[in-house]
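One structure below.
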Amino acid sequence: MRTLSSTSFAIFGAALIAISYGLARFAFGLFVPPIRDELALTPYVIGIIGALPLISFLLATAVAPLATDHMGARNAAVLSGAFGTAGLAMISQAGDALWLGVGVFACGICTGLMMPALTAAMQALVKRSMHGRVSSVMNAGTSIGVIVAVPTVLFLVGAWRLAYLSFAVLAGLGVIGAWLFLPSVSRITPGNAAPPPPLRELPWSRLVRLSLFAFVMGFVSSAYWIFAPDLVVTLGGLPSGATGWLWLAVGIAGLGGAVVADLADRNNPPITQALMLMMLAASLALLAASPGQSWLAAFSALVFGLAYMSLTGLYLMTGIRLLPGRLSVGPVLPFMAVSLGQATGSPVVGGLVNAFGYADAFAMFAALGILVAILSPFYPGHIAQAEEEEEEDTGLQAAYDHQLQNEEGEPLEEPAEEEPEKPAVHP
């Protein structure tokens with residue numbers, strides 16, 4: 001294995017996330033119009049297929065911690081990339097809904113396995129004081145992957161099979177990179193870290209509220225991720241190539257999501273949750289109201305990208321804070337809730353499009369988002385501390401710092417050596 005510096009690991013991790021999240025998962029909606037036309041699929045069938053990678057993501061995420069512990073970070077990442085390569089290749093050759101569904105299901109497994117594998121590798125290669133910064137860079141890979149998908153639509157209009165074949169080649173290169181650069185380690189927990197609190201002492205009320213808000217956000221956002229490009233083509237009459245500008249706007253705005261989420265943690269998480277969810281609902285309403293206006297459609301995509309990435313970042317920090325000492329659960333729980341919401345919402349919006357049309361379906365989902373945004377005062381904020389926290393105790397790095405604590409409940413200090421703690425190498 002070739003050793004990576006913290007910066008190199010962050011960039012490499014972002015590249016793998018770009019492939020597994022941006023290309024294997026979120027790029028599908030971008031190609032719905034040509035796929036639907038060539039395979040003669042109804043919106044309801046598209047909705048069902050759009051839910052499949054989310055279901056497989058949930059299944060893979062549920063077993064990913066055990067798989068990473070057993071296989072090690074390198075093998076788990078290679079397996080993730082293999083599923084992505086196979087899934088993307090199958091999509092490129094799909095001749096019917098069944099084959100297409102198998103391909104997107106495999107892509108969901110790729111997405112679910114990749115982040116736990118990279119997290120395990122990060123614990124071995126990167127000092128804990130850098131985890132927040134490295135995670136922010138890696139999380140930006142989702143937006144980067146969405147942006148990378150745009151040129152294939154702009155320059156390969158209608159050639160979705162060639163586009164997915166090129167994605168498969170990139171995923172294959174990612175597999176090679178994972179084998180060369182990631183360590184063969186399982187998750188590591190320092191021996192001087194205090195054990196996590198027992199299940200009965202967990203803040204269950206806060207965890208349930210976090211999961212419900214994340215579920216609803218995923219439910220509402222599924223309309224945009226799966227059907228926004230098809231809406232502007234079918235209802236707005238825009239050419240298929242124009243949908244690339246939507247995803248470009250989503251990706252660019254999404255890069256600012258980490259900053260907004262970090263600022264939210266420093267100020268008022270419930271208020272930020274309300275504002276961002278209201279913005280997400282507004283993006284759906286704006287797109288449904290003016291699908292034929294390319295500039296307004298692109299603006300709605302900017303609003304959606306910023307709101308979606310901000311909310312996922314906020315949920316990530318909240319999950320980590322509510323579950324200290326549980327490295328394999330805290331970062332995963334909110335994303336599982338979001339994906340469950342998306343998996344549920346995708347066929348629902350497809351059915352509503354069949355029954356009422358795109359505009360009414362999007363308006364209904366926007367109304368739901370606004371309604372839940374009003375309930376944001378119930379979103380779990382910071383856990384009350386005996387003493388007022390200082391400003392540096394907020395943000396993603398602070399959340400990671402509090403993930404490992406000593407017996408006194410204080411953040412675990414870095415080891416004396418300059419090098420990160422030695423991992424337990426998996427045989």
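Position 1 is the first residue of the sequence, and the numbers go up from there.
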Listed by chain and number, what are the salt bridge (charged side-chain N to carboxylate O under 4.0 Å, His left out) partners of Arg209, not counting sequence neighbours?
none

Quick one: are Val303 and Leu286 in side-chain contact, heavy atoms under 4.5 Å?
no

Aromatic ring proximity Tyr308/Trp225, centre distance under 6.0 Å:
yes

Flag, side chain of Ser346 to backbone of Ile48, donor-acceptor distance under 3.5 Å
no

Side-chain touch Val372/Leu212, heavy atoms, less than 4.5 angstrom
no

Looking at Ser300 and Ala297, would you say the former's side chain and the latter's main chain have a donor-acceptor pair under 3.5 Å?
yes

For Phe219 together with Phe365, are the ring centres under 6.0 Å from each other?
yes

Taking C-beta and beyond as the side chain, do Met217 and Thr312 meet within less than 4.5 Å on heavy atoms?
yes

So, Thr142 versus Arg25: side-chain donor-acceptor pair below 3.5 Å or not?
no

State whether the side chain of Ser283 and the backbone N or O of Leu280 hold a donor-acceptor pair below 3.5 Å, judged by distance alone.
yes

Using the side-chain contact (heavy atoms from CB on, under 4.5 Å) definition, which of the options Val349, Thr234, Leu284 pairs with Phe227?
Val349

Could you check, using the six-membered ring where one of them is a Trp, whether Tyr315 and Phe335 have ring centers closer than 6.0 angstrom?
no

So Phe12 and Phe9, ring-ring contact (aromatic ring centres under 6.0 Å, His included) or not? Walk me through it.
CA-CA 5 Å; Phe12 180 65; Phe9 176 80; 7.4 Å; no

Mind checking whether Ser80 and Ile109 have side chains closer than 4.5 Å, heavy atoms only?
no

Looking at Gly172, is its backbone amide N or carbonyl O close enough to the side chain of Thr85 to form a donor-acceptor pair, meaning the two atoms are under 3.5 Å apart?
yes

Distance-only, no hydrogens or angles: does the Ser290 side chain make a donor-acceptor pair with backbone N or O of Gln293 under 3.5 Å?
no

Rounded to the nearest 0.5 Å, what separation is found between the CG atom of Leu180 and the CZ atom of Arg74?
9.0 Å

Are the side chains of Phe57 and Tyr21 in contact, using a 4.5 Å heavy-atom criterion?
yes

When rounded to the nearest 0.5 angstrom, what distance separates CG in Leu231 from CG in Leu287?
5.0 Å

CG of Leu16 to CE of Met114, rounded to nearest 0.5 Å, is 4.5 Å

If you compare all heavy atoms of Ala149 against all heavy atoms of Phe31, which two are closest, and at what distance to 0.1 Å?
O-CZ, 4.5 Å

So, the side chain of Trp247 versus the backbone of Phe26: is there a donor-acceptor pair under 3.5 Å, distance only?
yes

For the side chain of Ser221 and the backbone of Gly218, is there at least one donor-acceptor N/O pair under 3.5 Å apart?
yes

When you check the side-chain N and O atoms of Tyr379 and Thr318, is any donor under 3.5 Å from an acceptor?
yes

To check you understand the geometry: which heavy-atom pair defines the closest contact between Leu118 and Gly13, and what is its length?
CD1-O, 3.7 Å

Do Asp230 and Tyr358 have a side chain donor and acceptor closer than 3.5 Å?
yes

